[in-house]
Amino acid sequence: MSFIPYSCQTITEADIEAVVAVMRSEYLTQGPAIPAFEARFAARHGATHAVAVSNATAGLHIACLALGVGTGSRVWTSPNSFLASANCALYCGAEIDFVDIDPVTRNMSLSALEAKLAAAKATGTLPNIVIPVDFAGLPADLQGMRQLADRYGFRIVEDASHATGADYLGKPVGGSTHADLTVFSFHAVKIVTTAEGGMVTTDDPALARKLQLLRSHGMTREPAEMEQSPEGPWSYQQTLLGLNYRMTDLQAALGNSQLDRLDAMHARRVALADRYDQLLDGLPLLLPARLPDRQSAWHLYAIEVDDSRTAVSRKTLFDTLRAAQIGVNVHYIPIHTQPHYRRLGFKPGDFPNAEHYYARAISLPLFPTMTDAQQDRAVDVIRGALA
Ligand SMILES: *Cc1c(COP(=O)(O)O)cnc(C)c1O
């Protein structure tokens with residue numbers, strides 16, 4: 001029986017031709033494919049600016065730097081996320097903390113955030129940046145977070161690594177209506193891939209320019225941006241400390257070609273998620289939330305084993321699925337329970353909703369080329385295991 005992965009990339013002949021065309025062209029990096037991909041991505045995501053980067057981790061890092069995060073800054077994120085959502089604060093020398101999740105959406109809880117902000121205000125420890133994560137592709141409660149941001153004076157970096165193509169309040173995720181900056185990932189398992197890659201979107205031209213400088217050594221060739229008068233047409237000046245977080249043209253060409261199919265791939269993910277909802281109905285499982293004001297990108301279809309209705313453990317169900325060649329996974333081990341974060345003072349029990357979710361969670365296979373027959377096979381194994 002063939003193995004069904006939990007996620008896998010979709011590469012077409014058109015994708016391959018787009019990459020080969022760049023290989024035959026003058027530029028492998030810093031060429032025209034980057035701005036073409038950026039412009040197209042920005043337009044599709046309702047943002048005026050998009051800055052391509054080497055990966056979303058790099059994007060989160062320079063998003064924090066662009067907003068002035070440094071030693072003494074405080075950054076809060078969701079514990080139910082990939083490590084990078086929190087590591088970006090540590091790279092900047094900032095202090096990291098977490099806000100527990102809402103058990104239904106599995107995203108950062110708006111009420112927990114509000115309570116934590118009120119407590120932080122009292123002790124003079126308000127965050128500079130909050131990083132909500134659109135877990136599994138479901139947009140976080142950004143409207144409420146924007147109101148809190150305006151009241152308490154923090155900036156929002158949305159980690160939309162799972163949410164390429166998602167909608168919130170009738171608009172694509174990516175503009176600056178709610179978040180100051182939005183970060184997307186193009187890792188191979190994500191919605192659109194460039195193998196490794198990421199994008200930061202914003203409507204703020206000054207922030208966009210700062211991101212461009214930060215991704216390439218903090219170096220400018222624009223005379224108007226120089227601090228010393230240019231010595232000649234060869235002049236470049238480093239005006240801040242940047243990094244080399246550039247995307248290559250090969251990757252941008254792949255991403256641009258993939259964007260041609262974003263809507264079709266999303267439609268297939270939605271259809272598979274709807275089908276999972278129907279096929280798993282009635283089993284002792286908690287299924288992903290459905291909210292009328294937002295459409296998930298369906299990066300993941302994550303279930304929870306409802307231990308109040310079955311004696312079958314998450315581990316047993318997971319092992320049974322893996323033994324049947326169904327490539328399930330678990331997202332996420334709460335970040336604060338990682339050894340590195342325990343050394344910073346966090347401990348199990350700190351964010352109980354994230355820990356409770358993690359203890360029962362399994363991500364089922366979901367990718368655009370998954371067939372109904374493959375999905376039926378996965379569901380049959382789940383039914384058998386829970387019977
Ligand atoms: C994948 C992921 C990242 C990191 O993305 P890379 O492009 O691999 O650096 C960050 N945050 C979340 C939530 C992710 O899933």
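We number each residue from 1, following the sequence as shown. For clarity, every value in this text was computed on a predicted model and none was experimentally measured. In listed order, ligands and their atoms are each counted from 1.
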Point to revise | Pairs touching residues 12-27 that satisfy salt bridge (charged side-chain N to carboxylate O under 4.0 Å, His left out), sequence neighbours left out | key: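 As it turns out, the salt bridge (charged side-chain N to carboxylate O under 4.0 Å, His left out) pairs with a partner in residues 12-27, which skip direct neighbours, are D15-R261.
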
Review point. Applying salt bridge (charged side-chain N to carboxylate O under 4.0 Å, His left out), which residue pairs with at least one partner in residues 284-309 are found, sequence neighbours left out?
Key: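 For residues 284-309, and leaving out neighbouring residues, the salt bridge (charged side-chain N to carboxylate O under 4.0 Å, His left out) pairs sorted by first residue read R106-E304, D141-R294, D274-R290, D277-R290, E304-R360, D306-R309, D306-R360, D307-R360.
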
Point to revise | Cation-pi, F3 ring and R322 (6.0 angstrom, 45 degrees) | key: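 Verdict for F3: no cation-pi partner in R322.
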
Point to revise | For ligand 1, the residues whose heavy atoms come within less than 4.0 Å (ordered by chain, then number) | key: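 Residues near ligand 1: N55, A56, T57, S81, F82, A84, S85, V133, D159, S161, H162, S185, H187, K190, G197, Y332.
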
Practice item. Using the ring pair (Phe, Tyr, Trp, His ring centres under 6.0 Å) rule, take H336 and Y341 through it: C-alpha gap first, then chi angles, then the decisive distance, then the call. Key: CA-CA 5 Å; H336 68 281; Y341 283 82; 8.9 Å; no

Check your understanding: Looking at residues at least two apart in the chain, or sitting in another chain, which of them share a ring pair (Phe, Tyr, Trp, His ring centres under 6.0 Å) with H49?
Key ->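 If we apply the ring pair (Phe, Tyr, Trp, His ring centres under 6.0 Å) test to H49, skipping adjacent residues, there are no hits.
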
Practice item. Answer yes when D350 and K347 have at least one side-chain N-carboxylate O distance shorter than 4.0 Å, and no when they do not. Key: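 Yes, D350 and K347 are salt-bridged.
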
